Structure formats: C-alpha cells, structure tokens
Amino acid sequence: MNSGRQIHIKSPAELKIMREAGRINAEVLATVKNLIQPGVSTADLNAAAEEVLKKHGCYSPFKGYSQPPYPASICTSINEELVHGIPSRKRILREGDIISVDSGTVYQGFVADSAFTVGVGEISPEAKNLLEITQGALAAAIDKMRVGNRTGDVSAAIQNYVESRGLHVTREYTSHGVGREMHEGPMVPNFGSAGTGLPLKPGMTIAIEPMVLIGTHATRVLRDQWTVVSADKSLTAHFEHSVAVTEGEPLILTVP
Ligand code: MF3
Ligand code: CO
C-alpha cells in the first residue's frame, strides 16, 4: 500500500522551508477564494493563482504533471467534479455551485499542497452539510498525525467521520506524502482500519485530503482525462492540508 514511493523524513530546516511553501500556498488559496462569485470563470481563478506564485518566485507542481500533462496551476472542481477539474474560460461560476480549489506551490525545492471547497453565493442545506462534514473529516485526520499512531489511524478517522454521517469516501484517490516531490510515500487512503499501516514518525509530511461524495463512492474520469466526477453526478467536496508529524502537536504547513 505504499505505491512504491519513498518516504522522506524532513529535518527541522526542511520543515521550515515547507512551512514557508505552505504559507505562500495559503496566500494563493486566499486570493482565489476572495474572487469566487457568480460570473467569474475558473480560468480567472487560475490566472490569479499564477500571479501570486509569480510574485513569490514560485510555481505550481501541477502544471505539466503526469500524462497527459496537467495544463493549469490549480484544479477547480465544481459540484459533481470531485478533483482535478481543469480551469477554463468557458466555465463560469453560478450562484449555488460549490467549487473545490486545489493549489500547489514549489518553494526552494519543496512542495505545499492544499485545497478547500466553498459555496458560490447561497448554497443548499445539503451542500452546506457536505462541506462541513468534509472539513470535519480533515480536522479529525489531522488530529491523528501524532507519534504513536499509524497511517491506518489517519485513514480510519476520515472514513469513520464521513460514513457515520451518511456520506461516502473515495476509493481511487488518496492522501500522500509530500516534500521535494508532490507525491511521496506514504500513500494514505481515505478509508482503512485503525492500528494498521506504517507508524508515524517526527518529520513525516503528509498531504491529507478527504474527498467526499453524497451518493456513492463510485467515480469516473471525463474525456479530458483529468476531471474526476461522481458516477451518479451527486455533489462532492474536497479539503486538503499538508501536515507534519512532530514530537508534539501536528504542524499544519499550509496555513498563513
Ligand atoms: N492535490 C492533488 C494531488 O495531490 C493535486 C494534483 S493535481 C495534478 O494529487 F494535476 F497535478 F495532478
Ligand atoms: Co494532494
């Protein structure tokens, strides 16, 4: 369950750099969040993100990633789009939509990775509940990022939080180690059993990203080969923070 990727323990000096990367990434997300309103295109959001990155001499690890190369600096995923939605001039936000914005920043060779989901104007009670539960799952998972716990404790926290509230977690996409690479070990699924998996160690850094669906956990990928949607088109949400394990409290890297 490690996807073959290596786990890299970060030194205190490296964590300092990752914290700075996370601060810049938080500025990107805050800037984008401020622009979200009916009538704005997702390409506008991408352009604003790139401006902030450029100001700091940074760039996004998303752009050019994988095959076919991801074509933008952020992901913008609306309503039934769970993750990896591609910004477009043609995609205009409408009142009542919910949009996930996922942003990555490379600063001094280290990656920060974080996402939020927010409503556009007034949203339905069902959508509000989905956002609250997904954000709650992220908080519950972060609280497990302590020495003495294992990766399965983080996975189980997400699954239990979400499923006990009647919603569903993705099976195909996972939380992941983050550092010099956007995706390092350990791979941490959104589901699993407490007490299993790898022991958490100080200096481990993991991008924790609960991806939650209202209908079922089934997903499919659109013909653009990136956008992941719920198979039943039900609403979905996604929150993410890059978090370090320390000797004490979990250290959230991707906050101001
Ligand atoms: N937070 C996402 C992830 O960890 C962002 C990747 S978007 C991609 O996988 F386009 F770069 F793949
Ligand atoms: Co991620």
Side-chain angles (χ1 to χ4, degrees), residues 3 5 25 28-29 32-33 36 40-50 53 59-93 97-106 111-118 120 130-131 134-135 137-138 158 162 168-178 181-184 187-191 206-242 254:
S3 75
R5 292 180 200 270
N25 202 55
V28 171
L29 287 178
V32 171
K33 199 178 215 171
I36 290 176
V40 169
S41 81
T42 52
D44 294 335
L45 302 181
N46 185 67
E50 289 187 344
L53 288 169
Y59 62 94
S60 168
F62 297 5
K63 206 167 197 172
Y65 184 77
S66 191
Q67 214 46 253
Y70 186 76
S73 294
I74 59 172
C75 302
T76 50
S77 309
I78 299 170
N79 298 337
E80 77 280 5
E81 298 170 358
L82 177 65
V83 287
H84 303 168
I86 301 172
S88 159
R89 277 170 48 204
K90 286 184 266 182
R91 193 69 200 260
I92 310 292
L93 299 183
D97 283 340
I98 58 173
I99 176 172
S100 145
V101 179
D102 190 344
S103 168
T105 295
V106 184
V111 175
D113 186 6
S114 179
F116 65 83
T117 307
V118 71
V120 181
L130 169 66
L131 300 193
T134 310
Q135 195 162 18
L138 175 57
I158 295 172
V162 170
H168 306 272
V169 289
T170 187
R171 298 295 191 271
E172 290 102 347
Y173 304 90
T174 73
S175 303
H176 52 88
V178 60
E181 302 289 334
M182 173 163 66
H183 294 144
E184 300 182 348
M187 186 210 243
V188 182
N190 276 196
F191 62 96
I206 302 178
I208 304 178
E209 43 184 325
M211 290 161 255
V212 176
L213 308 89
I214 288 186
T216 78
H217 66 69
T219 60
R220 64 186 192 88
V221 179
L222 297 186
R223 280 167 66 178
D224 64 18
Q225 296 185 65
W226 274 106
T227 311
V228 178
V229 298
S230 56
D232 64 0
K233 300 222 171 74
S234 66
L235 283 182
T236 66
H238 172 218
F239 282 83
E240 177 177 23
H241 272 308
S242 300
T254 41

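Note that the structure is predicted; figures quoted are calculated from it, not measured. Index from 1, following the sequence. Keep in mind that the numbers below use all heavy atoms, side chains included, and drop hydrogens, waters and symmetry copies.
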(Q) Below 30° counts as parallel, above 60° as perpendicular, anything between as tilted: where do the rings of Phe62 and Tyr70 land? (A) perpendicular

Q: Applying side chain to side chain donor-acceptor pair (under 3.5 Å) between Ser103 and each of Thr254, Asn25, Thr76, Asn46, report the one that passes.
A: Asn25

Q) Any donor and acceptor pair, going by atom type alone, linking the side chain of Ser100 with main-chain N or O of Ala237 inside 3.5 Å? A) no

Q. What distance do Ile214 atom CD1 and Leu235 atom CG have between them, rounded to the nearest 0.5 Å?
A. 4.5 Å

Q.
Glu81: which residues meet the salt bridge (charged side-chain N to carboxylate O under 4.0 Å, His left out) condition with it, sequence neighbours left out?
A. Arg91

Q: Using only heavy-atom distances, determine whether the side chains of Tyr173 and His238 contain a donor-acceptor pair under 3.5 Å.
A: no

Q: State, with a plain yes or no, whether a side-chain heavy atom of Cys75 is found less than 4.5 Å away from one of Val83.
A: no

Q. Between the side chain of Asn79 and the main-chain N/O of Ile98, is any donor-acceptor distance below 3.5 Å?
A. yes

Q. Should Val162 and Thr134 be marked as a side chain to side chain contact (heavy atoms under 4.5 Å, CB included) after you check the CA-CA gap, both sets of side-chain angles, and the distance that decides it?
A. CA-CA 7 Å; Val162 170; Thr134 310; over 6 Å; no

Q) Which heavy atom of Ser234 sits nearest a heavy atom of Gly215, and at what distance? A) OG-N, 2.9 Å

Q | Interatomic distance, Leu213 atom CG to Thr170 atom OG1 [nearest 0.5 angstrom] | A | 6.0 Å

(Q) Please enumerate all residues that pass ring pair (Phe, Tyr, Trp, His ring centres under 6.0 Å) together with Phe116, with sequence neighbours excluded. (A) none

Q.
To the closest 0.5 Å, what do you measure between CD1 (Ile99) and CD1 (Ile78)?
A. 4.5 Å

(Q) How long is the straight-line distance from CD1 of Ile206 back to CE of Met187, given to the nearest 0.5 Å? (A) 12.5 Å

Q) Which distance, rounded to the nearest 0.5 Å, do you find between the CG of Asp102 and the OG of Ser73? A) 12.0 Å

Q. When you measure from the side chain of Ser114 to the backbone N and O of Glu240, does any donor-acceptor pair fall under 3.5 Å?
A. yes

Q: Any chance you could lay out the side chain to side chain contact (heavy atoms under 4.5 Å, CB included) test for Thr117 and Phe239, step after step, and finish with the verdict?
A: CA-CA 6 Å; Thr117 307; Phe239 282 83; 4.0 Å; yes

Q: Kindly give the heavy-atom pair with the smallest separation between Ser77 and Gly85, and that separation in Å.
A: OG-N, 3.0 Å

Q: Please confirm whether the backbone N or O of Gly104 pairs with a side-chain atom of Asp113, one donor and one acceptor, at under 3.5 Å?
A: no

Q. Do you know which two heavy atoms are closest between Val111 and Pro61, and how far apart they sit?
A. CG1-CG, 3.9 Å

(Q) With side chain to side chain donor-acceptor pair (under 3.5 Å) as the test, pick out the partner of Thr219 among Arg171, Glu80, Glu172. (A) Glu172

Q: Answer yes when Arg5 and Glu181 have at least one side-chain N-carboxylate O distance shorter than 4.0 Å, and no when they do not.
A: no

Q. Does OH belonging to Tyr59 count more than 12 external heavy atoms closer than 6.0 Å?
A. no

Q: Please name the pair of heavy atoms, one in Ala207 and one in Ser175, separated by the smallest distance, quoted to 0.1 Å.
A: O-CB, 3.1 Å

Q | Spacing of CD belonging to Gln135 relative to CG belonging to Leu130, to within rounding of 0.5 Å | A | 11.0 Å

**Q.** Distance-only side-chain donor-acceptor flag, Glu209 / His176, under 3.5 Å
**A.** yes

**Q.** Passing option when Pro87 is tested against Val101, Asp44, Leu45, Ile74 for side chain to side chain contact (heavy atoms under 4.5 Å, CB included)
**A.** Ile74

Q: Search all heavy atoms of Trp226 against all heavy atoms of Pro68 and return the closest pair with its distance.
A: NE1-O, 2.9 Å

**Q.** Test item: His241 and Ile208 side chains (from C-beta on) under 4.5 Å apart, heavy atoms
**A.** no

